[in-house]
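Heads up: the structure comes next, in structure tokens.
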Amino acid sequence: MTPTPLRLFNSYGRELRTFTPIDPGAVRIYSCGPTVYNYAHIGNLRAYVFVDTLRRTLAWKGYNVVHVINITDVGHLTSDADEGDDKMELSAERQQKTVWDIAEHYTQAFKSDLSRLNILPPSLWSKATDHIQEMIDFARHLETHGATYVLEDGVYFDTSKVPDYGKLGLLDVEGQEAGKRVAGVEGKRNPTDFAVWRFSPKDKQRLMEWHTPWGIGAPGWHLECSVMAMKYLGRQFDIHTGGIDHRQVHHCNEIAQNQAFTCSHDTGANWWMHNEFLVLRNEGGTEDEKMSKSKGNFLTLQTLIDRGVHPLVYRMFLLTASYRSSLEFSWDALAGAGAHLRRILLKIDRLKAEVGPADWLRVADEARFQSGGPFDYIRAALSEGLSDKALRYVADLDAAVAEDLHTPRALVALGELLDDKALTAEEQLRLAALADLLLGLCLLVTTAADLAIRPADATITEEDIARLIQARTDARKAKDFAQADALRAQLTEAGVEIKDGPQGTEWEWMLARR
RNA sequence: GGCCGGGUGGCAGAGUGGUCAUGCAGGGGAUUGCAAAUCCCCGUACAUCGGUUCGAUUCCGGUCCCGGCCUCCA
């Protein structure tokens, strides 16, 4: 099998480029993480499934990966007009907790979401508040390079001091009208200038503030990423990821800070990659809208689970689209992904029964416990003895992800190989395990039955279900099919699906369908 | 207002200058007491109007509609 060279879309320049790491020993990745003042919504989580696909693809291609995700636990202002309150503080006040409790709670919730989605943990989590000293030092450094100036309410970055400001976002700096949507800050030299440090109001102590050479206040939110990425990954690393909304502002500003810091044209990362949004249709309307924490129109992973949707079904749903296309959320589409995944798992259940236990099957599971190592040895173990025909599917999978992480194509390949009668059962199972290295759907360790989870609003008890099923079995024995069908209808009504097999009648919660 | 990106069958979503996406849903059949699962079969979708071309859903231009960013946000 000839591997397809990995090509990744670089937002910086907007082009597909063949990936080559700076250091062949390890690919360094930085991902913008969450601000931990609320639960992550399922749109936020798309960003991390995307990065996970990137990491799996790199591991599949034989690379070591060092991956940093930051936790923003510094409150940033809810808006320019709303000074004094910040998100962390608001959240703390509302819940009568300290900001540290808030940060800890939502950080844990976030990590738990990633784990439920089978996302490989990063090599390092880095918290903004652990890097205050470094942020001050960094800002000072910028100052000595003449890239900042001080205004009444903060230290500002002068974006005219940097070459090509806004190139990543294709910003038309000249054409931007300052304050078009928001009252601009008095005294800014350029509309695109941004705060490196924001001073606290003179008359009010904020819950989170720090002393600096310029005054008391909190770091601007672009600062932390520049500082932490540089600290852990170096002045120039391989890939920086984030949501598409960061392309025009946050990342442009990060790049500007990096360039001013290093006095160079280097942006800080060779690849800047951005995932598109998950969008939600307006209530009753035809217009789509992104999910947004501040707008409150969001769904959490837990909401999905409460409605009987397994987290891996959500992951499956995300994989049906390219990370660079916006994806329309609907319960129908989600149910479709669930039905699809369920069918795949049923097939794999059958294959497992046919093939029986094997050492290579145990190896397949090890990918779940990797945290940055290449998948080479796993691929080797799984690929042993594959026919040419089977190897062509491996090449298909490889080509799919090599083309900018094209998971929809990988799913097509998976569907085809599970259908291909020219393959042996063992080959199909080995190939499914190989595909799962890239997809991360836990195909070999999850069963179709696992997907069916009890919806939070289910009222019937397991005991009642068992009783009804027994009654139906008795009715069937007595050939009272009318009674048997009535009992089935009763169970269906309660959200329970039953099926008669050779081992008797089994039941499952029906997959959530709105 | 400026900049960027879209509009593909019932739904989601690939892709391409000229016979195929795929999945889900739906229809028909086999099988089943009925179902489930499985197997077989089934759909002239490419916003719109012009242009280029032997040929355009795919290239170019106009129009309409939608989204993102310009404010914290994946």
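Here is the naming used below: chain letters follow the sequence lines, and residue numbers restart at 1 for every chain.
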Is [N] paired to anything, Watson-Crick or G-U wobble with both distances less than 3.5 Å, and if yes, which nucleotide?
| N | answer |
| --- | --- |
| B:C64 | B:G7 |
| B:G1 | B:C70 |
| B:C34 | none |
| B:G18 | B:C54 |

Roughly how many Å is it from [atom1] in [X] to [atom2] in [N], rounded to a whole number?
| X | N | atom1 | atom2 | answer |
| --- | --- | --- | --- | --- |
| A:Arg488 | B:U32 | CZ | C1' | 10 Å |
| A:Asp485 | B:U32 | CG | P | 17 Å |
| A:Gln248 | B:G5 | CD | P | 10 Å |
| A:Asp245 | B:A74 | CG | P | 7 Å |
| A:Tyr165 | B:C70 | OH | P | 11 Å |
| A:Glu403 | B:U16 | CD | P | 9 Å |
| A:Phe481 | B:U32 | CZ | P | 13 Å |
| A:Tyr323 | B:G13 | OH | C1' | 17 Å |

Parallel, tilted or perpendicular: rings of A:Tyr30 and A:Phe237 (30°, 60°): tilted

Ring geometry between A:Tyr314 and A:Phe317 (parallel below 30°, tilted from 30 to 60°, perpendicular above 60°): tilted

Ring centers of A:Tyr39, A:Tyr106 separated by less than 6.0 Å: yes

B:A14 OP1/OP2 closer than 4.0 Å to side-chain N/O of A:Ser325: yes

Distance test, side-chain N/O of A:His406 to OP1/OP2 of B:G15, below 4.0 Å: yes

So what does [X] hit on the nucleic acid, given a heavy-atom distance under 4.0 Å: a base, only sugar-phosphate, or nothing?
| X | value |
| --- | --- |
| A:Ser322 | sugar-phosphate |
| A:Leu327 | sugar-phosphate |
| A:His274 | nothing |

[N] versus [M] - spacing of their [atom1] atoms, nearest Å:
| N | M | atom1 | answer |
| --- | --- | --- | --- |
| B:U58 | B:G51 | P | 14 Å |
| B:G43 | B:C24 | C1' | 15 Å |
| B:U8 | B:C40 | C1' | 28 Å |
| B:A56 | B:G15 | C1' | 14 Å |
| B:C3 | B:G9 | C1' | 34 Å |
| B:A74 | B:C41 | P | 47 Å |
| B:G55 | B:U19 | P | 15 Å |
| B:U22 | B:G5 | C1' | 25 Å |

Those residues that, when tested against A:Ser160, pass side-chain hydrogen bond (donor to acceptor under 3.5 Å, both in side chains) (two or more places apart): A:Asp158

Upstream residue (5' side of RNA chain B) when A:Gly43 and A:Arg324 are each assigned their closest nucleotide: A:Arg324

First of A:Asn275 and A:Leu170 reached from the 5' end of RNA chain B, by closest nucleotide: A:Leu170

Verdict with reasoning, A:Arg315 to A:Asp52, per salt bridge (Lys or Arg N to Asp or Glu O under 4.0 Å): CA-CA 11 Å; A:Arg315 182 177 178 113; A:Asp52 195 52; 2.8 Å; yes

Euclidean distance, A:Ile42 CD1 relative to A:Asp113 CG, rounded to 0.5 Å: 11.0 Å

Nearest listed nucleotide, side chain of A:Ala321, among B:G23, B:A74, B:G13: B:G13

Nucleotide nearest A:Val412 (side chain, heavy atoms from C-beta), chosen from B:A12, B:U22, B:C69: B:U22

Verdict with reasoning, A:Asn70 to A:Ser126, per side chain to side chain donor-acceptor pair (under 3.5 Å): CA-CA 5 Å; A:Asn70 69 286; A:Ser126 77; 6.0 Å; no

Donor on one side chain, acceptor on other, A:Asp474 and A:Gln470, under 3.5 Å: yes

Distance-only polar pair, side chains of A:Thr303 and A:Thr300, donor-acceptor under 3.5 Å: yes

A:Tyr323 and its side-chain hydrogen bond (donor to acceptor under 3.5 Å, both in side chains) partner, picked from A:Thr241, A:Asn275, A:Asp404: A:Asp404

ring-ring contact (aromatic ring centres under 6.0 Å, His included) between A:His222 and A:His251, worked out: CA-CA 8 Å; A:His222 312 295; A:His251 288 164; 9.3 Å; no

Are any protein N/O atoms closer than 3.5 Å to N/O atoms in nucleotides 37-42 of chain B? If there are, list each pair with its distance.
none

Donor-acceptor pair present, A:Asp500 side chain and B:C34 base, under 3.5 Å: yes

Pair of N/O donor and acceptor under 3.5 Å linking B:G33 base with A:Arg476 side chain: yes

Chi angles and distances behind the salt bridge (Lys or Arg N to Asp or Glu O under 4.0 Å) call for A:Asp396, A:Arg409: CA-CA 8 Å; A:Asp396 280 355; A:Arg409 255 177 75 191; over 6 Å; no

Residues in contact with RNA chain B, drawn from residues 392-402 of chain A - heavy-atom cutoff 4.0 Å: none

